[in-house]
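As structure tokens, the structure follows; a few thoughts come after it.
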Amino acid sequence: MNAGHSGIGMTSLRTRDRLVARLREEGIRNPAVLEAIREVPRHLFVDEALASRAYEDTALPIGFGQTISQPYIVALMTEAVLAEGSPQSVLEVGTGSGYQAVVLSRLVPKVYSVERHAKLLQRSRQLFRELRIYNIKTNLSDGSWGWPGHAPYDAIVVTAAPLEVPQALLEQLADGGRLVIPVGDRGGQELRVITRNGYRFEESHLAWVSFVPLVPGRS
Ligand code: SAH
């Protein structure tokens, strides 16, 4: 490690252990999820100027008016993905910094992630290469339409909030699959888990959250 790098210290195991301990206190129980959060170097997903805050349990700006989600929310959504069975494929809507995708990539064999913003996607793709992560496939597109080419998915995780659940995402869920999605306006959203059973969809409440809006179209 280059001692001149401003991230030094922030990357230390102790700093990451503190974050994991905090998530555990907040109710995250799945050991595989906690381990993934411990292992993924979150400081690489934020601006160097913010690296010192990367292991705080807080959302941070990633440019273009977007944010990297709070680790607790990433952990909560990932736990929901893994809650039943062992999902083989997951679709993420809103790649952003790539952090959530990388956490998922350690727990699910195939990760697909779509992003509408070309520059953000370019940056996260570069990071996946640098980290030698090869099980994340990405696409520049409006995620309201999902990614039909690789459907059905055992789980879909949406990291930007629509006003209503997009029909296409429900259709791209495998039987027994789970959609984890924040729904609502900027004032605050409900994080829901929607499980598909044949043609029936069962909804449950997970948390109150605050995501950036899901914006239609490409940038
Ligand atoms: N999962 C990200 C969080 C990103 S913030 C992370 O771990 O960093 C939400 C992201 O959703 C932003 O990058 C935003 O550009 C993207 N987004 C918003 N609307 C979208 C849409 N319709 N389709 C795809 N991505 C979208």
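In listed order, ligands and their atoms are each counted from 1. Any value given below was found using the heavy atoms of this structure, including those in side chains, with hydrogens, waters and symmetry copies removed.
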Starting from atom 13 (O) of ligand 1, which protein heavy atom do you reach first, and at what distance in Å? Glu115 OE1, 2.7 Å
Can you tell which part of Ala101 has a heavy atom less than 4.0 Å from ligand 1: side chain, backbone, both or neither? neither
Minimal non-hydrogen separation, Phe45 against Ile62, with atom names: O-CG2, 3.8 Å
Need the ligand 1 atom indices (1-based, order shown) with element for anything under 4.0 Å from a heavy-atom of Ser141. 23 (N), 24 (C)
Residues Glu25, Arg22: salt bridge by 4.0 Å N-O rule: no
Just need the protein heavy atom nearest to atom 9 (C) of ligand 1, so name the residue and atom and give the distance. Thr159 O, 3.3 Å
What protein heavy atom sits nearest atom 11 (O) of ligand 1, and how far off is it? Gly94 CA, 3.3 Å
Quick check with a 6.0 Å cut-off and a 45 degree axis cone: is Arg196 positioned over the face of Tyr199's six-membered ring? yes
Quick note on ligand 1: atoms under 4.0 Å from a heavy atom of Thr95 include exactly 1 (N), 2 (C), 6 (C), 8 (O)
Among protein heavy atoms, which sits nearest to atom 3 (C) of ligand 1, and what does the distance come to when rounded to 0.1 Å? Thr67 O, 3.5 Å
Donor-acceptor under 3.5 Å (Asn139 side chain, Val114 main chain): no
Decide, yes or no, whether a salt bridge links Glu26 with Arg24 under the criterion of side-chain N to carboxylate O below 4.0 Å. no
For Glu92, the ligand 1 atoms whose distance to one of its heavy atoms is below 4.0 Å: 1 (N)
For atom 20 (C) of ligand 1, which protein heavy atom lies nearest, and how many Å away is it? Arg116 CD, 3.3 Å
Among non-hydrogen protein atoms, atom 21 (C) of ligand 1 lies closest to Val215 O, 3.5 Å
Pull out every atom of ligand 1 sitting under 4.0 Å from any heavy atom of Gln100, numbered as shown with elements. 1 (N), 7 (O)
Which residue and atom name correspond to the protein heavy atom nearest atom 8 (O) of ligand 1, and how close is it? Ser97 OG, 2.6 Å
Using a strict 4.0 Å cut-off to heavy atoms of Ala160, name the atoms of ligand 1 that fall inside it. 11 (O), 18 (C)
Does this structure show an ion pair linking Arg106 with Glu39, if we count only N-O contacts that are shorter than 4.0 Å? yes
What is the closest protein heavy atom to atom 23 (N) of ligand 1, and at what distance does it sit? Gly143 N, 2.7 Å
